[in-house]
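Data first, discussion second: the structure below is written as structure tokens.
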Amino acid sequence: MFSERAAEVTNYYYYSPRLCGGVKIGGALVNLHVAVRGEGASVGSPLIFGGY
């Protein structure tokens with residue numbers, strides 16, 4: 001749906017009807033968050049909180 005870059009992390013935000021729930025970010029319903037830094041990634045549903 002959309003992405004953003006902060007410091008060395010690129011965040012990707014998606015919505016899948018196969019996952020339950022979600023939160024609204026900027027008017028878009030999101031329930032899957034992928035954070036990529038270098039060659040590593042973290043995935044959370046609906047969002048990743050804390051350090052990654």
Show your reasoning for whether side chain to side chain contact (heavy atoms under 4.5 Å, CB included) applies to Val9 and Val36. CA-CA 6 Å; Val9 179; Val36 178; over 6 Å; no
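- The shortest heavy-atom contact between Glu8 and Arg37 is O-CG, 3.6 Å.
- Taking all atoms of both residues into account, the shortest heavy-atom contact from Met1 to Leu29 is SD-O, 3.4 Å.
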Pair Ser16-Leu32, side chain to side chain contact (heavy atoms under 4.5 Å, CB included): steps then yes or no: CA-CA 7 Å; Ser16 172; Leu32 181 61; 5.7 Å; no
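- In this structure the side chain of Ile48 never reaches within 4.5 angstrom of the side chain of Val34, judged on heavy atoms.
- Between Asn31 and Gly22, the shortest heavy-atom contact is CB-CA, 3.9 Å.
- Of the candidates Tyr14, Tyr15, Tyr13, Tyr13 is the only one forming a ring pair (Phe, Tyr, Trp, His ring centres under 6.0 Å) with His33.
- Judged by distance alone, with hydrogens and angles left aside, the side-chain atoms of Thr10 form no donor-acceptor pair with the main-chain N or O of Arg5 at under 3.5 Å.
- Glu4 and Tyr12 form no side-chain donor-acceptor contact under 3.5 Å, judged by distance and modelled atom types alone.
- No side-chain heavy atom of Asn11 sits less than 4.5 Å from a side-chain heavy atom of Ser3.
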